[in-house]
Amino acid sequence: MRKNLVVGIVGKSPVQDEFEKILQSRNNSTISVKKITSAEAATCDIVFLPEKQNSMFNTIMENTSRKSILIVTEAPGLTKKGACISFQREKNKLGFAVNKSTLDLRSLRVSSTLLNLSQQI
């Protein structure tokens, strides 16, 4: 049996409301989204760190070290510091960077299609 996927969002973010709307519209019960503290990051499969919560980055990295948890941020420079994926603006377009080394260290696999669409760090 496949386990439920838990997406933790650090602090208050409009991203949580959007995730919940999408999941409700698709009637998806295998994914849950919840607001978390940095201490709860290790209980999630994916951790989303909004830019306003960047001060929590080091704590989240320590709490999830060597665990297969995908860390996604809104700050482009954080992939160089160990985030798995970071969103970034390029010429008024939203893009993202992927740190393949971090994904490998966390035993996470990513599709070649996603890698081809990203800036790799």
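Treat the numbers as computed from the prediction; the structure is a model and nothing was measured.
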Review point. Between Thr43 and Val6, is any pair of side-chain heavy atoms under 4.5 Å apart?
Key: no
**Study point:** Gln53 and Ile9, any side-chain heavy atoms less than 4.5 Å apart
**Key:** no
Review point. Does Ser107 have any side chain to side chain contact (heavy atoms under 4.5 Å, CB included) partners at least two apart in sequence or in another chain, and if so, which?
Key: Ser68
Exercise for review: Any salt bridge (charged side-chain N to carboxylate O under 4.0 Å, His left out) involving residues 64-76? Give me the pairs, sequence neighbours left out, ordered by first then second residue.
Suggested key: none
**Study point:** Close side-chain approach of Val33 and Phe48, heavy atoms under 4.5 Å
**Key:** no
Check your understanding: Distance from Thr73 atom OG1 to Asn54 atom CG, nearest 0.5 Å?
Key -> 7.0 Å
Please list, one pair per line, the donor and acceptor atoms closer than 3.5 Å that link side chains of residues 12-23 to other protein atoms, with sequence neighbours excluded.
{"residue": "Ser13", "atom": "OG", "partner": "Val15", "partner atom": "N", "Å": "3.1"}
{"residue": "Gln16", "atom": "NE2", "partner": "Glu20", "partner atom": "OE2", "Å": "3.2"}

**Study point:** Inter- and intrachain pairs under salt bridge (charged side-chain N to carboxylate O under 4.0 Å, His left out), touching residues 33-43, at least two apart
**Key:** none
**Study point:** From Asn99, Asp104, Val98, residue fulfilling side-chain contact (heavy atoms from CB on, under 4.5 Å) relative to Ser101
**Key:** Asn99
Practice item. Check the pair Val72 / Phe96 against side-chain contact (heavy atoms from CB on, under 4.5 Å), numbers first and verdict last. Key: CA-CA 10 Å; Val72 181; Phe96 60 97; over 6 Å; no
Revision key, fill the gap. Rounded to the nearest 0.5 angstrom, the NZ-SG distance for Lys100 and Cys84 is 11.0 Å
Check your understanding: salt bridge (charged side-chain N to carboxylate O under 4.0 Å, His left out): which pairs involve residues 41-63, sequence neighbours left out?
Key -> Lys3-Asp45
Check your understanding: By side chain to side chain donor-acceptor pair (under 3.5 Å), which residues pair with Asn58, not counting sequence neighbours?
Key -> none
**Study point:** Residue pair Ala97 / Gln88: nearest heavy atoms and the distance that separates them
**Key:** CB-OE1, 3.8 Å
Review point. Who else is in the cluster with Val10 when I, L, V, M, F, W and Y are joined by side-chain contacts under 4.5 Å?
Key: Ile36, Val47, Leu49, Met56, Phe57, Ile60, Met61, Ile69, Ile71, Leu78
Check your understanding: Are the side chains of Ser32 and Asn4 in touch, meaning some heavy atoms are under 4.5 Å apart?
Key -> no
Review point. For Thr102 and Gly82, which heavy atoms make the closest approach, and how far apart are they?
Key: CG2-O, 2.9 Å
**Study point:** Partner residues of Thr59 under the side chain to side chain contact (heavy atoms under 4.5 Å, CB included) criterion, sequence neighbours left out
**Key:** Ser38, Asn63
